[in-house]
Amino acid sequence: MSYQEKKNIVSLMSTVLITTLYFVYVLQRYQDVALDQTDTFRFWGSAILILIPVSIVAKIIIHIMFSIINTIATKEKDPAFSDELDKLIELKATKTSHYVFLLGFVLALGSLVMNMQPSTMFIILFFSGFAAELAGTFTQLYLYRKGV
């Protein structure tokens, strides 16, 4: 298995772990607090804004640990460059990820048009970001296996 495939598998597992733990935490806090309309927007807005740096820091730590463990286990250093294939695969994965998030964004706006609760919109946005990241990672794994 190539380094890029291993890196994507670690990224996939860390995404699922971080998002699941954070979403369970946020749902517990949401159920504990009685919110009116204005507080609902503030709660979900802050929950999503806090997720971004938490996720970035956790992924950086996980990828550093992966790099160290991979270097110890395989006695190989991480590739210092990315070639044209890596860039092309990353570009296609980013495109897929953006399409998935755009679909989730439209669904979130549609939930408001259908007079659903504002929290429904934020939950759809939360999951569309999660699904977009998974779609990008799965696309990279598929393209590294299949080739472009």
Side-chain angles (χ1 to χ4, degrees), residues 1-33 35 39-112 117-148:
M1 188 178 297
S2 71
Y3 175 79
Q4 288 84 2
E5 289 173 313
K6 288 187 262 186
K7 184 176 84 168
N8 283 319
I9 290 171
V10 168
S11 177
L12 181 69
M13 291 187 306
S14 67
T15 298
V16 170
L17 179 69
I18 293 166
T19 306
T20 302
L21 292 175
Y22 189 76
F23 190 69
V24 167
Y25 169 73
V26 168
L27 279 183
Q28 286 176 344
R29 282 198 50 223
Y30 183 72
Q31 291 172 353
D32 292 342
V33 179
L35 303 171
D39 289 339
T40 299
F41 285 110
R42 182 175 293 125
F43 175 82
W44 284 104
S46 66
I48 290 175
L49 283 176
I50 291 170
L51 172 64
I52 294 168
V54 166
S55 179
I56 290 171
V57 169
K59 284 186 176 204
I60 288 171
I61 292 169
I62 289 170
H63 281 285
I64 289 171
M65 289 173 36
F66 163 72
S67 180
I68 292 170
I69 291 170
N70 186 55
T71 302
I72 292 171
T74 62
K75 306 286 191 255
E76 296 174 0
K77 293 194 175 202
D78 301 342
F81 65 92
S82 59
D83 59 6
E84 296 294 324
L85 178 66
D86 293 334
K87 291 177 183 177
L88 184 62
I89 288 174
E90 187 176 338
L91 182 64
K92 288 184 179 200
T94 300
K95 180 178 156 185
T96 303
S97 179
H98 284 127
Y99 284 143
V100 170
F101 184 76
L102 181 63
L103 176 66
F105 183 77
V106 170
L107 289 174
L109 291 180
S111 72
L112 289 179
Q117 295 291 324
S119 59
T120 304
M121 179 198 70
F122 284 106
I123 291 172
I124 292 171
L125 279 176
F126 185 88
F127 278 111
S128 69
F130 174 65
E133 194 164 348
L134 290 180
T137 304
F138 278 124
T139 301
Q140 282 186 346
L141 280 171
Y142 175 76
L143 292 174
Y144 274 118
R145 280 285 174 179
K146 176 191 165 229
V148 179

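Note that this is a predicted model, so its numbers are computed, not measured.
Atom OH of Tyr3 sits in a crowded spot, with more than 12 heavy atoms from other residues, nucleotides or ligands closer than 6.0 Å.
Interatomic distance, Thr74 OG1 to Ile69 CD1, rounded to the nearest 0.5 Å: 11.5 Å. Atoms CG and CG, on Asp86 and Asp83 in that order, are 4.0 Å from each other to the nearest 0.5 Å. Rounded to the nearest 0.5 angstrom, Gln28 CD and Phe23 CZ are separated by 11.5 Å. Annotation: the span from Leu27 atom CG to Phe126 atom CZ amounts to 8.0 Å, rounded to 0.5 Å. Separation of atoms CD1 (Ile48) and CD1 (Ile123) is listed at 9.5 Å; rounding is to 0.5 Å. The structure places CG of Leu12 at 13.5 Å from NZ of Lys7, a figure rounded to the nearest 0.5 Å.
Judged by distance alone, the side chain of Thr15 and the main-chain N or O of Ser11 form a donor-acceptor pair under 3.5 Å. No donor-acceptor distance shorter than 3.5 angstrom exists from the side chain of Thr71 to the backbone of Lys77, with no hydrogens or angles considered. Ser128 places a side-chain N or O within 3.5 Å of a backbone atom of Leu125 that can act as its donor or acceptor partner. Remark: side-chain polar atoms of Ser67 are not paired, donor with acceptor, to backbone N or O of His63 under 3.5 angstrom.
Using the six-membered ring where Trp is involved, Tyr22 and Tyr25 have ring planes that are tilted, between 30° and 60° apart. Ring geometry for Phe41 versus Phe122: interplanar angle over 60°, hence perpendicular rather than tilted (30 to 60°).
Using a 4.5 Å heavy-atom threshold, the side chains of Phe43 and Arg29 count as touching. Using a 4.5 Å heavy-atom cutoff, the side chains of Leu134 and Val16 are in contact. Counting heavy atoms from C-beta on, the side chains of Trp44 and Pro118 never come closer than 4.5 Å.
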